[in-house]
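None of the values given here were measured: they were computed from a predicted structure. In this chain, residues are counted from 1 in sequence order.
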Amino acid sequence: QVQLVESGGGLVQAGGSLRLSCAASGRDAGRSTMGWFRQAPGKEREFVATITWSYGSTYYADIVKGRFTISRDNAKNTVYLQMNNLKPEDTAVYFCAATPEKFTISGAEYEYWGQGTQVTVSS
């Protein structure tokens, strides 16, 4: 089992930065691939970034590549999403997700989800 709690969302002007945090706990937290997804009003949930827990391999959606960075702190069981050069189209609820012993960018394959944190980017 993995429990996830996101934090760090807020309101920022276009071009600004935010850092999201996801605190993971539970027996499977140390062997899970972690991912960030987002969902804007009226749109489907989309993949943002993912990172493995053991080796730290990463993968990004093209729309955020070069602007967002996913990282982890194993000692704290926490993953981060550093978001730079934010755009209004980045506005969404951002979700942290986990899936043990897998590497995938498909939201359908992630077993555990946090409650989400709102990110709003204004012009």
Side-chain angles (χ1 to χ4, degrees):
Q1 294 276 36
V2 181
Q3 296 81 45
L4 305 169
V5 180
E6 304 99 329
S7 62
L11 175 64
V12 66
Q13 195 167 3
S17 299
L18 284 173
R19 189 183 74 160
L20 306 182
S21 298
C22 176
S25 61
R27 66 185 305 273
D28 295 321
R31 62 185 186 93
S32 294
T33 292
M34 307 293 294
W36 286 98
F37 295 79
R38 67 188 186 186
Q39 187 169 24
K43 295 185 177 181
E44 64 184 3
R45 183 177 293 172
E46 65 178 354
F47 166 77
V48 176
T50 189
I51 186 169
T52 65
W53 202 256
S54 56
Y55 297 105
S57 299
T58 61
Y59 192 81
Y60 298 89
D62 288 343
I63 194 67
V64 306
K65 190 174 183 180
R67 299 188 299 121
F68 292 10
T69 302
I70 188 170
S71 62
R72 68 185 186 188
D73 185 335
N74 287 1
K76 297 180 179 180
N77 281 337
T78 301
V79 297
Y80 304 94
L81 185 68
Q82 178 66 46
M83 305 184 294
N84 298 325
N85 192 24
L86 283 160
K87 305 174 181 179
E89 50 263 44
D90 294 319
T91 296
V93 176
Y94 283 71
F95 297 90
C96 181
T99 185
E101 300 178 343
K102 295 179 181 178
F103 184 83
T104 180
I105 63 171
S106 173
E109 297 186 44
Y110 281 77
E111 298 182 36
Y112 308 102
W113 294 82
Q115 295 299 116
T117 185
Q118 177 71 47
V119 172
T120 303
V121 184
S122 65
S123 299

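In this model, a donor atom of one side chain and an acceptor atom of the other lie less than 3.5 Å apart for Y94 and R38.
Minimum heavy-atom separation, V2 to A24: CG1-CB, 4.3 Å. Minimum interatomic distance between S123 and P88 (heavy atoms only, all atoms of both residues): OG-CG, 3.6 Å. Taking every heavy atom of both residues into account, T78 and A23 meet most closely at OG1-CA, 4.1 Å. When all heavy atoms of Q13 and V121 are compared, the pair lying nearest together is C-CG1, 4.1 Å.
Listed by first and then second residue, the salt bridge (Lys or Arg N to Asp or Glu O under 4.0 Å) pairs involving residues 66-83 are R67-D90 (not counting sequence neighbours).
Using a 4.5 Å heavy-atom cutoff, the side chains of E111 and P100 are in contact. Between T91 and V119, every side-chain heavy-atom pair lies at or beyond the 4.5 Å cut-off. Side-chain atoms of S17 and V12, non-hydrogen and from C-beta on, never get closer than 4.5 Å to each other. A 4.5 Å side-chain heavy-atom check between S32 and M34 finds at least one atom pair inside the cut-off. The closest side-chain heavy-atom distance from W36 to T50 is not below 4.5 Å.
Between the side chain of T99 and the main chain of E109, a donor-acceptor pair closer than 3.5 Å is present. Without hydrogens or angle criteria, T52 side chain to S57 main chain gives a donor-acceptor distance under 3.5 Å.
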### Query
Under the side chain to side chain contact (heavy atoms under 4.5 Å, CB included) criterion, do Q82 and S71 qualify, and how do the steps go?
CA-CA 8 Å; Q82 178 66 46; S71 62; over 6 Å; no

### Working for side chain to side chain contact (heavy atoms under 4.5 Å, CB included), residues M83 and T69
CA-CA 7 Å; M83 305 184 294; T69 302; over 6 Å; no

#### Entry: Audit row: T104, T33, side chain to side chain contact (heavy atoms under 4.5 Å, CB included) steps and yes/no
CA-CA 8 Å; T104 180; T33 292; 5.7 Å; no

#### Entry: Candidate pair L86 and L18, rule side chain to side chain contact (heavy atoms under 4.5 Å, CB included), full reasoning
CA-CA 8 Å; L86 283 160; L18 284 173; 4.2 Å; yes

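Crowding of E89 atom CD: a count of heavy atoms from other residues, nucleotides or ligands under 6.0 Å exceeding 12. At most 12 heavy atoms of other shown residues, nucleotides or ligands fall within 6.0 angstrom of atom CD in Q1. The number of heavy atoms from other shown groups lying within 6.0 Å of CG (L11) is above 12.
Hydrophobic clustering (side-chain heavy atoms under 4.5 Å, transitive across Ile, Leu, Val, Met, Phe, Trp, Tyr) keeps Y80 apart from L20. In this structure, I63 is a member of the same hydrophobic cluster as F68, with clusters built from ILVMFWY side-chain heavy atoms closer than 4.5 Å.
Here CD of E6 is found 5.5 Å from SG of C22. Values are rounded to the nearest 0.5 Å. One finds the CG atom of L81 at 11.0 Å from the OG1 atom of T117 (value rounded to the nearest 0.5 Å).
In the hydrophobic clustering, F103 connects to F37, F47, Y59, V93, F95, I105, Y110, W113, either directly or through intervening members, whenever side-chain heavy atoms lie under 4.5 Å apart.
For D28 and R31, the salt-bridge test passes: some basic side-chain N is under 4.0 Å from an acidic carboxylate O.
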